[in-house]
2 protein chains.
Amino acid sequence: MSTPSAPRTARDFARIELTRLILANARAQLAEVGPGELSVRQIARELGMASSAVYRYFPSRDHLITALLIECYDESGEAVEAAERAVPKAQLARRWGATAHALRDWALVNRHEYALLYGSPVPGYAAPQDTIGPAARVPAVFLGLVADAEERGVPLPSPHAPVPRKEKASLAPIADMVGRPIGDERLVRAMMTWPLLVGQISLELFGHLYRGVLDYDAHFAHLVDRAALDLGFR
Amino acid sequence: MSTPSAPRTARDFARIELTRLILANARAQLAEVGPGELSVRQIARELGMASSAVYRYFPSRDHLITALLIECYDESGEAVEAAERAVPKAQLARRWGATAHALRDWALVNRHEYALLYGSPVPGYAAPQDTIGPAARVPAVFLGLVADAEERGVPLPSPHAPVPRKEKASLAPIADMVGRPIGDERLVRAMMTWPLLVGQISLELFGHLYRGVLDYDAHFAHLVDRAALDLGFR
DNA sequence: CAGAACCGAGAGCGGTGCTCTCGTTTCGTT
DNA sequence: AACGAAACGAGAGCACCGCTCTCGGTTCTG
């Protein structure tokens with residue numbers, strides 16, 4: 001919107017360059033302090049400019065955070081997609097494993113960024129529409145895997161629990177979003193695997209329990225294997 | 001430590017009363033603003049005292065937050081324990097359902113408090129030892145259920161996946177914490193159910209995905225039913 | 001070439017956590 | 001009963017924060 005699609009003048013170039021610099025510096029700061037402690041003044045200081053000048057590029061701290069949010073969603077999405085892409089398409093279990101481990105690995109390296117994406121929302125802050133696209137990238141990879149399994153007619157292990165009507169209705173929009181046919185039973189299992197994944201990573205990163213007790217690497221790996229089994233990936 | 005175990009003087013009474021008042025006010029503020037925006041000055045203002053006076057009772061904002069953390073862990077623990085207690089002991093599935101729904105219900109009513117407990121940690125803040133006891137109350141209820149099922153010899157539905165040695169070693173300290181025998185397969189399933197529960201509630205509350213798409217009530221109920229099945233509770 | 005648009009710097013507003021000092025009150029001890 | 005120590009509340013102040021406004025200078029555009 002405010003950024004010109006094609007930079008024409010020298011000022012345009014300077015503008016997008018400085019925007020990039022500010023964002024990069026914010027990102028660097030995020031590697032150390034966590035989303036809530038992100039300081040516009042600190043960014044300005046680092047860049048050798050007045051804090052007020054930053055507001056020429058981002059109208060508020062929240063806008064900056066939103067940009068950071070999109071960047072991180074895309075970055076994690078890219079990481080997950082790349083990991084999944086590297087595995088032969090026929091090997092569903094390994095593709096799933098690569099996906100899940102890629103997300104966790106990215107989260108471990110980028111703790112505060114993960115907190116920004118999947119932790120408690122910042123202030124009263126409501127994520128604008130621009131973020132939902134990038135936010136869906138990682139789940140999209142996962143749901144794509146499930147759709148592949150469906151397409152291939154991969155059977156699901158027993159027991160098959162009945163899916164109540166309400167749940168079916170609730171899941172219908174999700175199935176539409178994927179755009180490919182997924183059976184109810186399979187979709188339900190997928191919709192249980194996603195919070196399992198995010199929940200486990202969050203519990204580990206936020207250290208809310210089992211700190212120093214659980215071997216997170218081993219447990220996560222086993223958890224992923226179990227999920228693969230449950231989803232019929234192997 | 002600093003609080004005398006038995007109030008002896010008038011000043012002691014005033015002290016514990018004011019401490020209670022500050023905490024209560026902080027808690028009330030938490031109902032509206034979220035843990036990161038909690039303001040010591042605002043609390044002082046509300047209580048009609050100088051902000052510096054608050055520091056006579058809590059040496060820092062983090063100490064106040066820690067007290068709040070313990071209070072909320074206990075409150076949610078109490079809510080969950082009460083819900084579980086109200087169900088006849090023999091009905092494992094219903095006890096589990098009551099437990100899970102009680103946690104979600106508490107979280108829905110106390111959003112910021114839930115964020116404090118299970119969201120991203122506040123600043124650089126590391127939760128002190130005092131919190132791990134209260135923090136374990138809710139998981140303890142759940143693990144107690146699992147131990148009951150074990151004691152009763154309730155069978156687990158197939159398939160039983162092998163538990164690798166590393167995972168067994170990782171889980172051993174957890175089993176010790178419970179203090180009652182739980183088989184590996186059962187414990188693994190339990191240790192997958194907990195992040196599932198927290199993950200689902202977090203995803204719902206933090207609105208990271210499926211906002212306005214999913215029927216959270218129906219989905220959560222079904223998810224709990226499935227977990228009950230998986231744990232052999234019915 | 002003039003006007004408009006944009007820019008960076010600086011001052012300033014109201015807010016924050018926290019510290020220090022000061023005069024007062026209360027407590028435990030002699 | 002009196003004294004010293006400890007605790008107390010209030011206020012000023014420090015360094016930080018997000019954000020706004022104004023002002024002089026640059027750059028682009030018609």
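The shown structure was predicted, so the numbers you read here are calculated from the model rather than taken from an experiment. Throughout, a chain's letter reflects where its sequence line sits, starting with A, and its residues are numbered from 1.
Phosphate proximity of dT16(C) to Ser51(B): absent, as no side-chain N or O sits under 4.0 Å from OP1 or OP2. Using a 4.0 Å cut-off, no side-chain N or O of Arg41(B) falls inside it from OP1 or OP2 of dG17(C).
Taking for each of Met49(A) and Ser60(B) the nucleotide of DNA chain C with the nearest heavy atom, the 5'-most of the two is the partner of Met49(A).
Distance Gln42(A) CD to dG18(D) C1': 14 Å, rounded to the nearest Å. If you measure from atom CD of Gln29(A) to atom C1' of dC17(D), you get 12 Å, rounded to the nearest angstrom. Rounded to an integer number of Å, the gap from CZ of Arg61(A) to C1' of dT16(C) is 13 Å. Between the P atom of dC6(C) and the CZ atom of Arg15(A) lies a distance of 8 Å, rounded to the nearest Å. Rounded to whole Å, the distance from CG on Leu38(B) to C1' on dC18(C) is 16 Å. Rounded to an integer number of Å, the gap from CG of Asp12(B) to C1' of dA6(D) is 12 Å. For the pair Tyr57(A) OH and dC7(C) P, the computed distance is 5 Å after rounding to whole Å. The distance from atom CZ of Phe58(A) to atom P of dT20(D) is 16 Å, rounded to the nearest whole Å.
Side chains of Ser60(B) and His63(B): a donor on one and an acceptor on the other come within 3.5 Å. No side-chain donor-acceptor contact under 3.5 Å links Glu204(B) and Gln200(B).
Distance alone, capped at 3.5 Å, places no donor-acceptor pair between the Ser51(B) side chain and the Arg41(B) backbone.
Ser52(B) is linked by a side-chain contact (heavy atoms from CB on, under 4.5 Å) to Ala50(B), counting only residues two or more places apart in sequence or in another chain.
The aromatic rings of Phe206(B) and Tyr114(B) sit tilted, their planes meeting at an angle between 30° and 60°. Between Phe142(B) and Trp194(B), the ring-plane angle classifies as parallel under the 30° and 60° cut-offs.
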For nucleotides 20-25 of chain C, print each protein N/O atom paired with a nucleotide N/O atom at under 3.5 Å, atom names and distance only.
unit_1, atom_1, unit_2, atom_2, d
dT25(C), O2, Arg11(B), NH2, 2.9

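Using a 4.0 Å heavy-atom cutoff across all strands shown, Leu18(A) reaches sugar-phosphate atoms only and no base atom.
A salt bridge does not link Asp217(A) with Lys166(B): every distance from a Lys NZ or Arg NE/NH1/NH2 to an Asp or Glu carboxylate oxygen is 4.0 Å or more.
Among dC19(D), dC17(D), dC18(C), the nucleotide with an atom closest to any side-chain atom of Tyr55(A) is dC19(D).
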